[in-house]
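Just so it is clear, the structure is predicted and the values come from calculations on it, not from any experiment. Throughout, protein chains are lettered first and strands after them, A, B, ... in sequence-line order, and every chain is numbered starting at 1.
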Protein chains: 2
Amino acid sequence: MELDEAKQRFIQAWGTLGSNWGINRTMAQVHALLLISAEALCADDIMEKLKISRGNANMNIRALIDWGLVFKELKPGERREYFISEKDMWNVVRQIIIHRKKKELEPVLRVLNDVSDIEGDGPDQEAFLDVIKEIQLFASKADKTLDKLVSSDANWLMKTFMKMM
Amino acid sequence: MELDEAKQRFIQAWGTLGSNWGINRTMAQVHALLLISAEALCADDIMEKLKISRGNANMNIRALIDWGLVFKELKPGERREYFISEKDMWNVVRQIIIHRKKKELEPVLRVLNDVSDIEGDGPDQEAFLDVIKEIQLFASKADKTLDKLVSSDANWLMKTFMKMM
DNA sequence: TTATACTTTCAAAAAATTTTGAAAATTAAT
DNA sequence: ATTAATTTTCAAAATTTTTTGAAAGTATAA
């Protein structure tokens with residue numbers, strides 16, 4: 001396979017993976033493109049390589065910066081902004097965990113807590129609370145484990161992987 | 001909060017969580033409804049409680065059965081099919097991991113493997129291969145860890161959680 | 001066999017999400 | 001202060017995903 005074809009295939013695969021996980025396909029593709037670029041790229045480079053509009057490029061670059069997966073790189077004497085991506089896979093995963101945990105796991109924990117406070121105490125209420133309690137137990141364990149995960153270093157992660165395997 | 005309101009809130013939250021993670025909102029809601037139902041429900045019950053069409057109900061029930069999260073329950077003398085959900089949270093998560101790993105992680109591993117086989121050996125090729133290799137290392141570790149996870153029992157999982165925390 | 005109860009399918013409609021592109025805003029140089 | 005380069009915004013268009021509902025399919029009972 002030619003290098004350019006391989007790059008294309010990787011970008012497509014990363015885009016599909018992203019969109020299956022609720023991450024905008026283009027956002028994932030921009031990330032993939034930057035991951036395999038030796039050089040920092042500017043908005044026009046990204047527009048051209050992915051064949052997307054300026055608005056689309058801009059929005060997704062901002063989102064990636066927001067997620068801590070992409071950084072601006074200012075070249076001396078150059079006006080336009082260039083972008084590079086976080087290359088360390090562990091940091092990439094860590095940032096994704098931080099971002100999604102806050103956006104999704106935490107609201108669910110709040111709802112579980114809210115709905116635990118119900119009126120009455122018949123068998124229906126008991127049964128409902130039992131289910132909610134189990135989910136709560138599981139979710140808060142996951143929450144704490146992810147906290148530990150993101151605050152740990154790559155080395156710790158590797159050791160954990162090893163222990164698990 | 002009234003029990004019915006609490007149930008509604010839980011169903012909505014579960015639906016939102018699902019749709020943020022690439023799982024059809026209605027599929028997640030059907031799952032939530034069955035999770036908190038003491039009794040098995042039939043298609044009409046689900047249609048009525050979630051206010052969805054027959055086709056939608058049917059499709060999402062099938063998908064949940066496919067994912068191993070919901071089971072048919074046949075009542076003697078009754079013609080229609082009733083459904084119950086897997087109530088053990090660890091089994092729920094295990095089934096989701098199995099399903100999504102096969103559908104998403106494995107294809108990515110295949111692509112990573114394919115694109116590793118490129119022509120030429122200049123510095124561009126080397127740089128590309130370095131990135132791919134790191135992702136591959138990470139992805140295959142995740143793959144193996146998930147395999148271990150799904151083949152382990154709830155008890156083992158708890159111990160692992162504890163160790164991590 | 002025929003009728004009845006229920007399930008499945010799928011094309012079309014609706015809804016949600018993503019993308020475009022041109023205008024507005026910003027920033028820096030002259 | 002004016003111009004030029006670049007970035008940002010956002011309403012409209014395009015695309016994708018989900019939902020509907022009626023028709024077709026299937027199984028059971030009479």
Do K101(A) and D147(A) meet the salt-bridge criterion of a basic N to acidic O distance under 4.0 Å?
-> yes

Please determine, for the side chain of N24(B), which listed nucleotide (dT7(C), dT7(D), dT18(D)) has the closest atom?
-> dT18(D)

Sugar-phosphate only, base, or nothing, as touched by R79(B) at under 4.0 Å among non-hydrogen atoms | base

Here the distance between atom P of dT17(D) and atom CH2 of W21(A), to the nearest Å, is 17 Å

Find the distance K51(B):NZ to dG21(D):C1' and express it as a whole number of Å.
-> 18 Å

Value in whole Å for how far the P atom of dT17(D) lies from CG of N20(A) | 9 Å

Take the protein atom CD of E78(B) and the nucleotide atom P of dA27(D), then report the distance between them rounded to whole Å.
-> 19 Å

Are any non-hydrogen side-chain atoms of F83(A) and L41(A) less than 4.5 angstrom apart?
-> no

Distance in angstrom units between K75(A) NZ and dA28(C) C1', rounded = 19 Å

dT19(D), dT19(C), dT7(D): which one has an atom nearest the side-chain heavy atoms of S53(A)?
-> dT19(C)

Closest to the T26(A) side chain: dT8(C), dT19(C), dT19(D)?
-> dT19(C)

For I52(B) and dT17(D), give me the distance from atom CD1 to atom P, rounded to whole Å.
-> 20 Å

Side chain of E119(A), backbone of M1(B): donor and acceptor closer than 3.5 Å?
-> yes

Indicate yes or no: does E106(A) engage K102(A) in a salt bridge with an N to O separation below 4.0 Å.
-> no

Identify, between Y82(B) and G22(A), the residue whose nearest nucleotide on DNA chain C lies closer to the 5' end.
-> Y82(B)

side-chain N/O R54(B) vs dT8(C) OP1/OP2, d < 4.0 Å | no

With the side chain of R80(A) defined as its heavy atoms from C-beta on, choose the nearest nucleotide among dT8(C), dT7(C), dT7(D).
-> dT7(D)

Please determine if a side-chain N or O atom of N58(B) lies less than 4.0 Å away from the OP1 or OP2 oxygen of dT7(C).
-> no

Before accepting this row, confirm whether a basic side-chain N of the pair E81(B)/R62(B) lies closer than 4.0 Å to the acidic partner's carboxylate O.
-> yes

What nucleic acid atoms does D44(B) come within less than 4.0 Å of, heavy atoms only: base, sugar-phosphate, or nothing?
-> nothing

Quick one: which of dT8(C), dT7(D), dC10(D) gets closest to the side chain of M59(A)?
-> dC10(D)

Given atom CG of N60(B) and atom C1' of dT9(C), what is their separation to the nearest angstrom?
-> 14 Å

Contact under 4.0 Å: N56(B) side-chain N or O vs dT20(D) OP1/OP2 = yes

dA28(C) P sits how many Å from E81(A) CD, rounded?
-> 10 Å

Using a 4.0 Å heavy-atom cut-off across all strands, classify R25(B) as base, sugar-phosphate, or nothing.
-> nothing

